[in-house]
Amino acid sequence: MSQAPLATIRRRVIAGVLLVVVLITGASAIFAADGCPNSGDEIATDRPDVTNSGRVVPYGSLQVENGVDWTVRQGSDVISGSETRLRLGVARCTEVLADVPTYFYSLNGRASSEFSDLVVSIKRELPVPFGFHLSATSGLGFPTGASKVSTHGYDPYIQFPWSRQIGDNWSLHGMFTVTWFTSQHTSNPTFEPTLSLERAFGPTRDLFVEYVGEYPNHARPAQVLDGGGSWRVTGLEQLDFHVGFGLNGSSPDHFFGIGYSFRLDGLFAGSVRNSP
């Protein structure tokens, strides 16, 4: 690709990131922002599926989501953890989140044992009609990881997770992400669509099945089909699992993971304190 189209795409991605930042930081002045979660609501996590929640954490709450995965790819077995995501409600309908570097431990094969990059983001839940929950997220990846895992660049992304109830116990979830890898120009932009169908079993348990695609601009896409479930042990704690497999050669062969998440409320003045 020539430099002119690359520069054009780069400007569009940067403009998109700035637009999401404006939506996130300015939405409270434009919308009433009713219906966002509060400390009386039960925990809603971004795991175990790839599709993130369309909801944010309540104001004054810190949510900690963790997991351990076993992945097989091209003859290598890799254990990864703790896959920690920190989500802090900094304002009504707004959270700041950080994906802490995960350690990948290679059990065999040619995979290396290293830490991944740090990603910091801001997420705003937007008011939309027709029973949808929609959020806008903008973030930046920092090249803190080791050489074989890091992307070696400061990578901006924009993301729109959404969900909608489609029956008494059924709901549909989706997400669309655009990422710009500043040191991997042949991948730019990379699009990641997801679609997940979820079935609730009572008030505390649910199962899902999900499709995840990753489409770099000039590389073979990766496609995954996975499923799993979660159990809200209390209103502020969750156990979960997921299992899946790749649909083509550029995807993982198969993987399995488990997780535990919890939420602490009442950290700021004016917020209500709860405990798991």
Novice: Can any side-chain N or O of Asn217 pair as donor or acceptor with the backbone N or O of Pro189 at less than 3.5 Å?
Specialist: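 Such a contact is absent between Asn217 side chain and Pro189 backbone.
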Novice: Looking at Leu118 and Val100, what are the two nearest heavy atoms and their distance?
Specialist: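 That would be CD1-CA, 4.3 Å.
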Novice: Is there a donor-acceptor contact under 3.5 Å linking the side chains of Gln159 and Asn52?
Specialist: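 Short answer, yes.
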Novice: Checking side-chain polar atoms at under 3.5 Å, does Asp69 have a donor or acceptor matched by the opposite partner on Ser80?
Specialist: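 Checked: Asp69/Ser80 side chains show no N/O donor-acceptor pair below 3.5 Å.
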Novice: Let me see the working for Tyr157 and Glu192 under side chain to side chain donor-acceptor pair (under 3.5 Å), right down to the final yes or no.
Specialist: CA-CA 11 Å; Tyr157 80 93; Glu192 185 184 45; over 6 Å; no
Novice: How many angstroms lie between CZ in Phe104 and OG in Ser116, if you round to the nearest 0.5 Å?
Specialist: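 Those atoms lie 5.0 Å apart.
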Novice: Using the rule given for salt bridge (Lys or Arg N to Asp or Glu O under 4.0 Å), can you reason through Arg47 versus Glu65, listing the C-alpha separation, both sets of side-chain angles and the distance that settles it, and then say yes or no?
Specialist: CA-CA 8 Å; Arg47 53 172 304 118; Glu65 305 177 8; 5.9 Å; no
Novice: Less than 6.0 angstrom separating the ring centers of Phe255 and His242, yes or no?
Specialist: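 Under 6.0 Å, so yes.
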Novice: Assess the pair Phe176 and Phe160: is the distance between their ring centroids shorter than 6.0 Å?
Specialist: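 So the answer is no for these two rings.
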Novice: Quick one, Ile43 with Gln63, criterion side chain to side chain contact (heavy atoms under 4.5 Å, CB included). Give me CA distance, side-chain angles, the key distance, then yes/no.
Specialist: CA-CA 8 Å; Ile43 188 171; Gln63 190 159 296; 3.4 Å; yes
Novice: Do Ser53 side-chain atoms and Asp46 backbone N/O form a donor-acceptor pair below 3.5 Å?
Specialist: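 Answer holds: no.
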Novice: How would you list all residue pairs meeting salt bridge (Lys or Arg N to Asp or Glu O under 4.0 Å) that involve residues 98-119, not counting sequence neighbours?
Specialist: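 Listed once each, the pairs are Arg85-Asp99.
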Novice: Should Ser112 and Ser106 be marked as a side chain to side chain contact (heavy atoms under 4.5 Å, CB included) after you check the CA-CA gap, both sets of side-chain angles, and the distance that decides it?
Specialist: CA-CA 6 Å; Ser112 57; Ser106 177; 6.0 Å; no
Novice: If every non-hydrogen atom of Pro252 is compared with every non-hydrogen atom of Val224, which pair is closest and at what distance?
Specialist: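 For Pro252 and Val224, the tightest heavy-atom pair comes out as CD-CG2, 4.0 Å.
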Novice: Does the Glu125 side chain pair with the main chain of Arg55, one donor and one acceptor, at a distance under 3.5 Å?
Specialist: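 Not at all, since once roles are kept as given, no pair shorter than 3.5 Å links the two residues.
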Novice: If you draw the axis of the six-membered ring of Tyr59, does the NZ or CZ of Arg92 fall within 45° of it and under 6.0 Å from the ring centre?
Specialist: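 No, Arg92 does not sit over the ring of Tyr59.
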Novice: Do you know which two heavy atoms are closest between Ile158 and Ser138, and how far apart they sit?
Specialist: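 Scanning both residues completely, I find the closest heavy atoms to be CG2-OG, 4.4 Å.
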Novice: Other residues, nucleotides and ligands only: do more than 12 of their heavy atoms fall within 6.0 Å of CD1 on Ile258?
Specialist: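 Not more than 12 within 6.0 Å, no.
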Novice: Answer yes when Arg232 and Asp206 have at least one side-chain N-carboxylate O distance shorter than 4.0 Å, and no when they do not.
Specialist: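 Yes, Arg232 and Asp206 are salt-bridged.
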Novice: Are a donor atom and an acceptor atom from the side chains of Asp77 and Asn108 found within less than 3.5 Å of each other?
Specialist: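 Judged by distance alone, the side chains do pair up.
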Novice: So, Gln238 versus Thr45: side-chain donor-acceptor pair below 3.5 Å or not?
Specialist: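 Indeed, the side chains of Gln238 and Thr45 share at least one donor-acceptor pair under 3.5 Å.
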Novice: Could you give the distance from CG (Leu97) to CG (Leu86), rounded to the nearest 0.5 Å?
Specialist: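 Leu97 atom CG to Leu86 atom CG measures 9.0 Å (nearest 0.5 Å).
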Novice: Please find the pair of heavy atoms, one from Gly153 and one from Pro143, that lie closest to each other, and give the distance.
Specialist: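 Between these two residues, the closest heavy atoms are O-CD, 3.5 Å.
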Novice: Are Glu237 and Ser261 linked by a side-chain donor-acceptor pair shorter than 3.5 Å?
Specialist: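 No, no side-chain donor-acceptor pair sits under 3.5 Å.
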Novice: For residues Phe181 and Ser187, report the shortest heavy-atom separation together with the two atoms involved.
Specialist: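 Between these two residues, the closest heavy atoms are CD1-CB, 4.2 Å.
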Novice: Atom CH2 in Trp170, atom CD in Glu198: separation rounded to 0.5 Å?
Specialist: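 Reported to 0.5 Å precision, the distance equals 10.0 Å.
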Novice: Spell out, as yes or no, whether a donor-acceptor pair under 3.5 Å connects the side chain of Ser121 to the backbone of Thr137.
Specialist: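 Flag not set: sc Ser121 to bb Thr137 has no pair under 3.5 Å.
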Novice: Carefully, step by step, assess Thr194 and Tyr211 under the rule side chain to side chain contact (heavy atoms under 4.5 Å, CB included).
Specialist: CA-CA 6 Å; Thr194 74; Tyr211 167 80; over 6 Å; no
Novice: Any chance you could lay out the side chain to side chain donor-acceptor pair (under 3.5 Å) test for His133 and Ser135, step after step, and finish with the verdict?
Specialist: CA-CA 7 Å; His133 293 293; Ser135 292; over 6 Å; no
Novice: Rounded at 0.5 Å granularity, tell me how far OG1 in Thr151 sits from CZ in Phe142.
Specialist: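 It is 11.5 Å, given to the nearest 0.5 Å.
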Novice: If you look at every heavy atom in Asp226 and Asp49, which pair is closest and at what distance?
Specialist: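 So the minimum-distance heavy-atom pair works out to OD2-CA, 4.5 Å.
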